[in-house]
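The next block holds one structure in the form of structure tokens; read it before the comments.
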2 protein chains.
Amino acid sequence: MTEPTRTDKRRHIVETAYALFKRLGFHATGIDRIIAEADVAKMTMYRHFPSKDDLMVEVLAYRAGRFERQLDRLAEQAATPEQKIGIIFDWYGRWFHSADFHGCLFAHALAEFGDPAHPVFQAAARQKNDLKRRMRMILEERMPADEADSTSAALLMLIEGATLMARMGQPDLAIRDARKAAMAILAARGRPQ
Amino acid sequence: MTEPTRTDKRRHIVETAYALFKRLGFHATGIDRIIAEADVAKMTMYRHFPSKDDLMVEVLAYRAGRFERQLDRLAEQAATPEQKIGIIFDWYGRWFHSADFHGCLFAHALAEFGDPAHPVFQAAARQKNDLKRRMRMILEERMPADEADSTSAALLMLIEGATLMARMGQPDLAIRDARKAAMAILAARGRPQ
DNA sequence: GCATAGATAGACAGACCTGTCTTACTACCG
DNA sequence: CGGTAGTAAGACAGGTCTGTCTATCTATGC
């Protein structure tokens with residue numbers, strides 16, 4: 001039996017919406033398009049998600065969870081803080097070159113929903129803060145807390161900026177220059193290696 | 001006579017649209033809202049701009065021109081490359097703290113218009129490339145061309161990332177950490193001062 | 001067998017979108 | 001004074017948006 005179960009539907013809707021939001025943007029993707037592409041009735045969607053806002057928040061949470069899990073798994077293979085940071089940049093490098101790279105969904109969400117009180121804004125900001133926290137905790141093995149904080153902020157900026165440049169058509173240069181700058185910053189602080 | 005002349009109307013529409021796009025986003029701002037806020041007839045708007053796309057492109061060009069002129073003027077007061085780069089970061093620091101800071105309009109345009117062939121995407125990408133070129137030419141006074149290129153890319157990334165962080169509510173930390181990182185990168189390359 | 005819960009297809013409301021068109025008004029120039 | 005070009009105000013078309021509702025079908029548990 002390959003019939004989808006009930007809870008599968010919910011996930012299927014999320015994944016379909018994710019693909020569309022990524023490609024077309026949030027405002028530009030209508031509910032009708034989502035249910036058509038997911039091959040699902042409108043009421044089914046509205047049963048699982050009371051509003052489009054709820055769906056968007058869940059899509060962002062779904063995507064953030066997958067990202068976190070991937071980094072968790074990759075982190076096991078690294079020993080030193082430098083390696084752990086390097087692995088994150090590796091992930092971004094591969095992502096930039098993936099077939100359906102369309103930029104950072106969270107950055108796009110922040111761009112489309114300017115109100116900091118909006119749930120979509122908050123869901124997107126959460127992912128950025130989580131990534132920064134992840135890097136800060138890695139760096140705290142090597143440097144005092146305040147330096148780890150400002151260094152992780154700098155690394156996050158490089159990553160965000162690199163994603164934008166990759167978006168503009170230079171994925172190779174973007175990841176190379178970002179990594180180079182990151183290493184220079186780390187060298188200037190924690191005295192790596 | 002304080003009556004607006006004909007060409008003033010065009011500029012007034014652009015400035016009104018700019019304020020709305022900045023606050024609400026491109027898709028979320030309707031033509032009706034623009035003409036109401038600008039207190040202008042619909043046909044007047046469509047006479048000056050054949051379509052909303054044209055208006056958006058002009059708004060981006062207007063904003064980019066103002067930005068470039070401000071930097072040109074500020075650049076006169078600086079002597080060394082480090083000072084010139086510092087002045088750019090100063091500008092961003094002030095911008096982050098300005099009353100109606102709503103993030104980077106060009107980054108938002110790139111986010112909302114994913115198609116690289118779309119005129120709005122291209123107008124936005126142009127501004128990013130122009131800023132990078134400006135910094136690269138500054139850096140070429142101090143380092144070989146290839147290093148100036150990758151360094152300017154890194155500085156642009158820091159600026160973009162800092163703008164995002166400022167957007168998320170930490171303008172002080174954003175500009176401070178970005179500047180700190182920029183100085184570390186410059187110190188690692190061109191041997192400043 | 002039968003009740004219940006979920007899914008389907010699609011009509012529908014009410015609002016909003018871009019862009020066109022009409023009619024009347026105003027200001028300037030010769 | 002007369003002609004012209006720009007503007008105002010708003011109706012309008014045709015489409016899209018989110019969200020609600022109904023009526024029918026299907027599958028599962030008891």
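Atom set for the values below is all heavy atoms of this structure, side chains included, hydrogens, waters and symmetry mates excluded. Order of the sequence lines fixes the chain letters, A, B, ..., with proteins taken first and strands second; residue numbering starts at 1 for each chain.
- To the nearest angstrom, C1' of C/dG10 lies 10 Å from CD1 of A/Ile35.
- For A/Arg23 and A/Asp100, the salt-bridge test fails: no basic side-chain N is under 4.0 Å from an acidic carboxylate O.
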Using a 4.0 Å heavy-atom cut-off, write out nucleotides 14-24 of chain C from 5' to 3' as B (base contacted by protein), S (sugar-phosphate only) or - (no contact). ---SBBBBB--
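- When the C1' atom of C/dA7 is taken as reference, atom CG of A/Asp39 falls 11 Å away, rounded to whole Å.
- DNA chain D lies under 4.0 Å from no heavy atom of any residue of residues 109-121 of chain A.
- A salt bridge between B/Lys132 and A/Asp177 is absent, with no side-chain N of the basic residue lying under 4.0 Å from a carboxylate O of the acidic one.
- In this structure, the nucleotide among C/dG6, C/dT8, D/dT7 sitting nearest to the side chain of A/Arg47 is C/dG6.
- Rounded to whole angstrom, the span from the CG atom of A/Asp54 across to the C1' atom of D/dG19 amounts to 13 Å.
- Remark: P of D/dG19 and CD1 of A/Ile34 are 11 Å apart, rounded to the nearest angstrom.
- Note on B/Thr44: a side-chain N or O is less than 4.0 Å away from OP1 or OP2 of D/dA8.
- Applying the salt bridge (Lys or Arg N to Asp or Glu O under 4.0 Å) test to pairs two or more places apart or on separate chains, those with a residue in residues 47-66 of chain B are B/Arg10-B/Glu58.
- In this structure, B/Met45 atom CE and D/dG6 atom P are separated by 16 Å, rounded to whole Å.
- Summarising the geometry, the separation between CG on A/Leu55 and P on D/dC17 is reported as 15 Å, rounded to the nearest angstrom.
- No hydrogens or angles considered: a donor-acceptor pair under 3.5 Å links the side chains of A/Lys180 and B/Ser150.
- Under 4.0 Å is where a charged nitrogen must lie from a carboxylate oxygen, and between B/Arg133 and B/Asp130 at least one such pair does.
- A salt bridge does not link A/Glu147 to A/Arg142: none of the charged nitrogens lies less than 4.0 Å from a carboxylate oxygen.
- One interatomic measurement links the two molecules: NE2 of A/His48 to P of D/dT20, which rounds to 16 Å at whole-angstrom precision.
- Centroid-to-centroid, the aromatic rings of A/Phe113 and A/His27 come within less than 6.0 Å.
- Between B/Leu60 and B/Arg126 the shortest side-chain heavy-atom distance does not fall below 4.5 Å.
- For the pair A/Phe49 CZ and D/dG19 P, the computed distance is 13 Å after rounding to whole Å.
- For the residue pair B/His12 / B/Asp39, no side-chain donor-acceptor distance below 3.5 Å is found, with atom types taken as modelled.
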